[in-house]
Amino acid sequence: MFQHRPSLKSVEELLQEFMSKDFNIMNAAKLSFTGIGDKDVYNISAPFEDAGEFVIAGRVESRDSEHSEVYFFVEKEGQWLPREDAPVLRLQDPFHTRIGQELIVGGVQTFPHPKKANRLMWRTVFYKGTELANLNLFFVGPDGMKDLRLVELHDGEIGVFTRPQWKGKKGGRGKIGFFQVSSWEELTMSTIVEAPLLDQLFYDSEWGGANEAHRLRGGKIGVLGHIARYDKRGRSYYPMVFTLDPKTGERTDVELIAVRAHFVPGPSKRPDLEDVVFSGGLLRHEDGTATLYAGTGDAEAQRITIDDPFIKYET
C-alpha cells in the first residue's frame, strides 16, 4: 500500500531544518489548574466542546508517581478546574476525537507487568458516548501499545493509527502504522497488530507516535505527533507533523513545529525529562494560526500559538 518513500530524517536533521526556517511562535503560556491539590496536570488534550462548554482533558498525578488519573477541566476566570459530574478515568495521556455522532475519549491504561516485578505494562483504551456524561468503555488495545488513534475519514471509513513497540520485533522503540476499517466490528486485536507500518518515519534508534489526527480539506489526514530520542540530557521529545493520503498511502515528510525553548521555562518530573514536549492537541484557527496544547517536562501543561502546519496541504 505504502508506495511513496519520503525522506528519512534523524531528530538532529529535523532540528537543523526547523531552526533554519522562518516561523512564528507566540503567546507561550502555562495553564493554571485548581481543585486537584498539589498534583501536576500535564499531557493535556486540546479543548473540545461537550454539552455546550469547552473542556480540556488532562493527566493528573503526583510528581513522584506514575499512577495517574484523567480529569476533565473547564475554565473559570483564567483557572481550569475539574468539571462537576464529569468522569475521572484511571488513565494517562488523554485524547479525543469525534466519529459520527459519538465522542471518543481514550488514554493509556497501566497495570502490573506480567513478567517483571515492580514494573508496569500499558495499553490504549477507548470510551465512547454522545457526551462525557455517558461514556462507556468499548475497546481495549494490545498490551504494550500506546498512541492508538482514530479519525473519521471523508468517505465514512475510520482511519486507525497504531504504534507497535515490541523490541526485537515489529516497531522496535516505537513506530507508526495505519489501516482503515468500515465498522467498529473490524477494529480487532489482529487488525491492529497486523497493520502495516508507515515507511521511512523514524530511525531505529529513535521513536515516535501519533497524538492527534485531523481530517483535512482535500482528503488527506494531518497527523500531530511526537518524535523522540535519547541524548546527553536524557529523553528529548519534539512536536512534529506530517500528512497521509489514506487512499494512496502517500505521506509528506516529518516536520518539527516547536521545541522546548519555545515554551515557558518550568520544572520537570525528573532531570532526564527537562527536554520533553508531548503534543496533546492542535486547535486550528481561521486566521491561519493554530494553538498547540502540550505537556512539558512531564510536569506542566502549556500552549503556544504557531502557524497552522496543515494549511499548506489544503490549498
Side-chain angles (χ1 to χ4, degrees), residues 36-37 39-45 57-73 82 86-97 103-129 132 134-150 160-177 184 187-195 207-212 225-226 228 230 234-235 237 268-270 272-273 276 278-281 295 297-299 301:
I36 38 86
K39 293 184 177 181
D40 295 325
V41 181
Y42 66 102
N43 291 7
I44 53 172
S45 72
R59 175 174 173 170
V60 180
E61 70 186 30
S62 299
R63 185 69 58 89
D64 60 353
S65 174
E66 292 288 329
H67 297 287
S68 70
E69 295 175 313
V70 167
Y71 280 69
F72 297 94
F73 297 90
V88 176
L89 307 175
R90 290 189 173 276
L91 300 175
Q92 300 175 346
D93 305 339
F95 56 87
H96 67 89
T97 190
L103 171 66
I104 311 295
V105 171
V108 176
Q109 182 184 69
T110 60
F111 55 96
H113 198 288
K115 296 181 180 179
K116 299 178 181 179
N118 302 316
R119 298 283 296 275
L120 293 176
M121 180 57 82
W122 51 82
R123 57 195 169 210
T124 306
V125 302
F126 294 94
Y127 293 77
K128 67 177 179 178
L132 288 177
N134 56 33
L135 289 179
N136 288 292
L137 180 69
F138 81 97
F139 188 78
V140 177
D143 291 355
M145 188 179 293
K146 299 181 179 181
D147 299 332
L148 272 173
R149 295 295 188 270
L150 307 174
V160 185
F161 288 91
T162 69
R163 199 244 192 175
Q165 189 188 11
W166 299 308
K167 293 181 180 179
K169 300 179 182 178
K170 187 175 182 178
R173 291 183 183 270
K175 290 181 165 54
I176 299 175
W184 292 124
L187 182 65
T188 66
M189 287 287 191
S190 60
T191 55
I192 289 172
V193 171
E194 295 166 7
W207 69 95
N211 294 85
E212 188 178 64
H226 62 276
Y230 290 110
R235 300 183 187 188
Y237 277 64
S268 61
K269 194 176 188 73
R270 300 191 309 264
D272 65 310
L273 300 175
V276 168
F278 189 78
S279 309
D298 279 10

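Everything numeric here is computed off the predicted structure, so don't read it as measured data.
- Two residues are said to be in side-chain contact when any heavy atoms from C-beta on lie closer than 4.5 Å; P94 and R59 meet this criterion.
- Residues F278 and N211 are in side-chain contact: their nearest non-hydrogen atoms beyond the backbone lie under 4.5 Å apart.
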Report the C-alpha separation of R123 and Q109 in whole Å, then their side-chain angles, then the decisive distance to 0.1 Å, and conclude whether the side-chain contact (heavy atoms from CB on, under 4.5 Å) test is met. CA-CA 5 Å; R123 57 195 169 210; Q109 182 184 69; 2.7 Å; yes

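- Every residue meeting the ring pair (Phe, Tyr, Trp, His ring centres under 6.0 Å) condition with Y230, not counting sequence neighbours, appears here in chain and number order: W207.
- In this structure, T124 contributes its side chain and M145 its backbone to a donor-acceptor pair below 3.5 Å.
- Remark: the backbone N or O of R173 is paired with a side-chain donor or acceptor of Q165 at under 3.5 angstrom.
- Here the closest heavy-atom approach between residue N136 and residue N134 is recorded as ND2-O, 3.2 Å.
- Here the straight-line distance linking atom CG of D93 with atom OG of S279 works out to 11.5 Å at 0.5 Å rounding.
- L148 approaches F95 most closely through the heavy-atom pair O-CZ, 3.5 Å.
- Of all heavy-atom pairs between I176 and A210, the closest is CD1-N, 3.6 Å.
- With S268 contributing its side chain and L273 its backbone, the two residues share no donor-acceptor pair below 3.5 Å.
- The two residues H113 and K115 have their closest heavy-atom pair at ND1-N, 3.0 Å.
- Here the side chains of V125 and F138 are not in contact, with every heavy-atom distance at 4.5 Å or above.
- Shortest non-hydrogen contact noted between G209 and R163 is CA-CG, 4.1 Å.
- Two residues are said to be in side-chain contact when any heavy atoms from C-beta on lie closer than 4.5 Å; V70 and V88 fail this criterion.
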Pair K170, E194 - check salt bridge (Lys or Arg N to Asp or Glu O under 4.0 Å), show working. CA-CA 9 Å; K170 187 175 182 178; E194 295 166 7; over 6 Å; no

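- Formation of a donor-acceptor pair under 3.5 Å by the S65 side chain with backbone atoms of S62 is not found in this model.
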Residues I36, Y71; criterion side-chain contact (heavy atoms from CB on, under 4.5 Å); working and verdict: CA-CA 9 Å; I36 38 86; Y71 280 69; 4.1 Å; yes

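- In this pair, F139 and F126 present their aromatic rings tilted. The plane angle is within the 30 to 60° band.
- For the atom pair CG of L91 and CD of E69, the computed distance is 9.5 Å after rounding to the nearest 0.5 Å.
- Look at D298 and K269 and you find no salt bridge, because none of the NZ, NE, NH1 or NH2 atoms lies under 4.0 Å from a carboxylate O.
- Taking the side chain as every heavy atom from C-beta outward, Y42 and V276 never approach each other to under 4.5 Å.
- Atoms CG and CG, from L137 and L135 in turn, are 10.0 Å apart once rounded to the nearest 0.5 Å.
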Please evaluate residues T110 and Q92 with respect to the criterion side-chain contact (heavy atoms from CB on, under 4.5 Å), reporting the C-alpha separation (whole Å), side-chain torsions for both, the decisive distance (0.1 Å), and the verdict. CA-CA 8 Å; T110 60; Q92 300 175 346; 3.6 Å; yes

Hey, mind stepping through D143 and F111 against side-chain contact (heavy atoms from CB on, under 4.5 Å) and telling me if it holds? CA-CA 10 Å; D143 291 355; F111 55 96; 3.6 Å; yes

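- To the nearest 0.5 angstrom, F72 atom CZ is 9.5 Å from H96 atom NE2.
- Across all non-hydrogen atoms, the minimal contact from P114 to M121 is CD-CB, 4.2 Å.
- No donor-acceptor pair under 3.5 Å is formed between the side chain of S45 and the backbone N or O of G281.
- Taking 4.5 Å as the limit, every side-chain heavy atom of Y127 sits out of range of all side-chain heavy atoms of L132.
- By the neighbour-count criterion of 12 heavy atoms within 6.0 Å, atom CZ of R90 is sparsely surrounded, having that number or fewer from other residues, nucleotides or ligands.
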